[in-house]
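What follows is a short report on a single structure.
The chains referred to below are lettered A, B, ... by the order of the sequence lines, with proteins before strands, and numbering in each begins at 1.
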Amino acid sequence: MQTAYRTHTCGELTADHAGATVHLAGWVDSARDHGGVIFIDLRDRFGRTQCVFNPDTSAEAHALAETLHGEDVLALEGEVRPRPAEAVNPKIPTGAIEVHVAQATLLAHSEVPPFEVADDVEVGENVRLRYRYIDLRRPAMQRNLLTRAAIVRVMRQTLEAEGFIDIETPLLTKSTPEGARDFLVPSRINPGRFYALPQSPQLFKQILMIAGYDRYYQIAKCLRDEDLRADRQPEFTQLDVEMAFVAEDDVMAATERVVAAVFRQVAGREVPTPFPRLTYAEAMRDYGTDKPDRRFGMLLKDVSEVAKACEFRIFREAVEKGGQVRGLAAPGGKAFSRKEIDDLAAHAAPFGAKGLAWLKCEAEGLAGPIAKFFNEGQLRDLREAMGAAEGDLLLFVADRPAVVAASLDALRAHLGRRLGLVPEDEVNLCWVTEFPLLEWDEETKRHYSMHHPFTSPRPEDMDRLESDPGSVRARAYDLVLNGVELGGGSVRIHRPDVQERVFRLLGIGEEEARQKFGFLLEALRYGAPPHGGIALGLDRFVRLMIGADSIRETMAFPKTQRAQCLMTGAPGPVDDDQLAELHIRLRPEAMQEE
RNA sequence: GGGGGCGUAGCUCAAUUGGUUAGAGUACCGGACUGUCGAUCCGGUGGUUGCGGGUUCGAGCCCCGUCGCCCUCGCCA
């Protein structure tokens, strides 16, 4: 790390260097002026070294030190000496030594920073983002970004060792229908035409397989113009992988090797492989979601059979109308007050649950306001079906299957946290497989791809593609870590006739298919190998590894919820001249005073 | 587009629920101090209570609007 300004970094000097004359450069982390001797901790991203300015060593350097402030940038020369025994600081790696400064130069002065460069100072996120360069100096952010770099390094090393090659794909590409909203880039040279920034390199990596570049990977930026969340940014990064001549197990096994290597080398943890698998149907049945948090139980149970026969009209009618009644048993929930149960209902309400029925599991049996609608046999059946133990609170939702699943999923997640059932340290990875190929949309009265339109149907379901499309399962798989979707992939369609059939199912006409995906259909006609792949959300992966609440903590320069960069002010207005060159005129509602 | 939370000194927060001169810690400034490492001690500066309007004798506090940040539903193949 030796440069024109330094012989060592601020993190590497130890007792072994005692007696050496060194040059250091860095930021003033803190200055402790004792009137005579002055201690300055010099910091760079490698560590911190205590530098001693003694007027007896150098009056000139000491005079400079008296004027120094936090975040000033300093270069100095001095002798490494062991600290007096009582002054050794065991908290830092360089704590055994100090540098006695003979000569020092102020390289850059810093204004008083808006907040302190230290982890124990809570700072509002808007201030952190406005002065991100200060925030990034803080140890926590440095750890985060270094961990991210380490994760990417291990991913690359593992894939390279297995023969994967890194190929870049374009950022300026073509808008495709379906999926997320595209970011558009106007073409100056082609008036009225627009590039789209890629939502993922999906089609390019498939084309690369057709082109014979078996085993591709890329750390790829993906861009989607949708509303932001704690784990969603308009631009994010995926580890994108594609392989030729593979079936599901090949891709999943390769992914497991990468993920296990990351956990081993970055976190020092062994995660057992192969990861457990459950089907989409099983996940929805037991957890009400396709990304189950399997670190704790409290599985969903179906009580529609009992509900159908009981006197509780809401239950009975739900089942009669083709819905269902399902519930979960919250251990120890018997102690919940009426108000606390109402609060639980409030957690289920946003997902459509119109009410939350409940029973308490007493020694004598089930009790509660709805108990009177069940005879004794039914109450026993309920308790049996719920697997309830004394002290449990049984919670039920009666509605359409989608509403029941979403409500109970939210309730289970909330209760898991509230009851302390979630072992925070556990790493629970699993695959969810056999997704439905299609999703029916009630509003537009048509099918959409659950994954994307290039996902292969399972061969045994292929003959139901037209007759019963809703029952066709896809050769798709999602990787789930602690209830967070880490990524997903599939074996792709490699035959043009199958691809055309799927397009037809999706209501993509021949003309539209040719216009939007013509190049893919054409490429498929020139010898496409069976192929498949996966994409892992890097930001989410890093977030889980560092235990952060938001992927903003994993990115150097994230955007706010309004998709703005508080540091640069992006997106910003542009000159009329620029717009004119791009053949663009703003609509009146977009005009604003500057 | 909907729901919720927050906004007071550079930063993090308080202000006895509408009461007189808006406080504390920290940062910053000045002073003291030759072994500290969250240095310590003494003193000091610092406020358009996000912004605009309203109610009131009186508003940081109540009402309306607006801006910003965060969480969330919708959305994210």
Side-chain angles (χ1 to χ4, degrees), chain A residues 29-43 48-57 62 65 69-71 81 83-92 94-95 98 100 111-131 134-135 176-182 199-200 202-203 222-234 236 346-352 406-407 410 414 435-439 441 443 447-455 474 476 485 488 490 502 506 508 535 537 549-550 552 558-562 564 566:
Chain A
D29 196 57
S30 79
R32 297 176 292 280
D33 186 344
H34 286 255
V37 68
I38 298 173
F39 299 98
I40 284 181
D41 291 339
L42 203 63
R43 160 175 51 76
R48 234 166 60 206
T49 298
Q50 172 161 289
C51 303
V52 185
F53 293 75
N54 192 314
D56 302 336
T57 310
H62 181 265
H69 296 90
E71 304 313 309
R81 292 187 206 161
R83 295 197 195 184
E86 68 279 7
V88 167
N89 183 351
K91 283 186 277 188
I92 57 174
T94 61
E98 59 195 8
H100 288 253
E111 291 188 10
V112 176
F115 52 90
E116 291 164 75
V117 180
D119 284 343
D120 52 8
V121 180
E122 290 286 324
V123 185
E125 198 169 4
N126 51 344
V127 181
R128 292 176 56 202
L129 293 179
R130 165 80 179 74
Y131 300 96
I134 307 286
D135 189 39
T176 53
E178 306 203 45
R181 197 175 291 111
D182 284 318
Q199 297 180 23
S200 82
Q202 182 61 33
L203 291 172
C222 303
L223 300 110
R224 299 178 186 176
D225 187 7
E226 296 291 346
D227 285 357
L228 286 75
R229 286 285 191 286
D231 61 355
R232 265 165 36 195
Q233 284 273 309
F236 61 100
H347 276 86
F351 301 90
S407 308
H414 172 71
F435 279 82
L437 184 71
L438 304 167
E439 211 170 10
D441 182 63
E443 283 202 6
H447 285 292
Y448 285 88
S449 294
M450 195 143 179
H451 197 53
H452 56 55
F454 321 108
T455 302
E485 183 190 331
S490 63
V502 170
L506 295 171
I508 301 176
D549 290 325
S550 161
R552 292 188 299 277
K559 306 244 181 331
T560 68
Q561 199 160 47
R562 291 213 34 219
Q564 294 180 355
L566 295 183

Contact class for Ala230(A) (heavy atom, under 4.0 Å): base, sugar-phosphate, or nothing?
sugar-phosphate
Going through the distances and angles, do Arg32(A) and Asp41(A) end up as a salt bridge (charged side-chain N to carboxylate O under 4.0 Å, His left out)?
CA-CA 9 Å; Arg32(A) 297 176 292 280; Asp41(A) 291 339; 3.1 Å; yes
Send over the distance from His347(A) NE2 to U72(B) P, rounded to a whole Å.
12 Å
Presence of donor-acceptor pair under 3.5 Å, side chain of Arg83(A) and base of C37(B)
yes
What nucleic acid atoms does Thr455(A) come within less than 4.0 Å of, heavy atoms only: base, sugar-phosphate, or nothing?
nothing
Could you give the CG-to-P distance, from Asp29(A) to U36(B), as a whole number of Å?
19 Å
Measure from the side-chain heavy atoms of Arg48(A) and tell me the nearest of C71(B), U34(B), C37(B).
C37(B)
Any strand is fair game: report the nucleotide pairing with G19(B) by Watson-Crick or G-U wobble, both distances under 3.5 Å, or none.
C57(B)
What about Arg562(A): does its side chain form a donor-acceptor pair under 3.5 Å with the base of C70(B)?
no
Side chains of His69(A) and Glu71(A): does their closest heavy-atom pair fall under 4.5 Å?
no
What contact category does Gln199(A) fall into here, base, sugar-phosphate, or nothing, at under 4.0 angstrom with non-hydrogen atoms?
nothing
Strictly by Watson-Crick or wobble contacts shorter than 3.5 Å, is anything paired with G25(B), and which nucleotide is it?
C11(B)
From C-beta outward on Asp56(A), which listed nucleotide comes closest to its side chain: G35(B), U34(B), C75(B)?
U34(B)
Going by purine N1 to pyrimidine N3 plus the second Watson-Crick contact, or the G-U wobble pair, all under 3.5 Å, which nucleotide sits opposite G68(B)?
C6(B)
Within the modelled atom types, does a donor on one side and an acceptor on the other bring the side chain of Asp41(A) and the base of C37(B) under 3.5 Å apart?
no
Check: Arg229(A) side chain, G74(B) base, donor-acceptor under 3.5 Å:
yes
Roughly how many Å apart are U8(B) and A15(B), using the C1' atom of each and rounding to a whole number?
9 Å
Any N/O donor-acceptor pair, Asp227(A) side-chain to G74(B) base, under 3.5 Å:
yes
So if I take every side-chain heavy atom of Gln564(A) and compare against G35(B), C69(B), C71(B), which nucleotide ends up nearest?
C69(B)
Looking across every strand, which nucleic acid part, if any, lies under 4.0 Å from Arg130(A) by heavy atom: base, sugar-phosphate, or nothing?
nothing
Closest of A39(B), A27(B), C76(B) to the Glu116(A) side chain is A27(B)
Spacing of the C1' atoms in U56(B) and G46(B) (rounded, Å)
31 Å
Can you tell which of C70(B), C11(B), A39(B) lies closest to the side chain of Val127(A)?
C11(B)
Nearest-neighbour nucleotide for the Val123(A) side chain, C70(B), U12(B), C28(B) considered
U12(B)
Rounded to whole Å, how long is the line connecting atom CD of Gln561(A) with atom P of G68(B)?
12 Å
Report which part of the nucleic acid Gly124(A) touches: base, sugar-phosphate, or nothing (heavy-atom distance under 4.0 Å, all strands).
sugar-phosphate
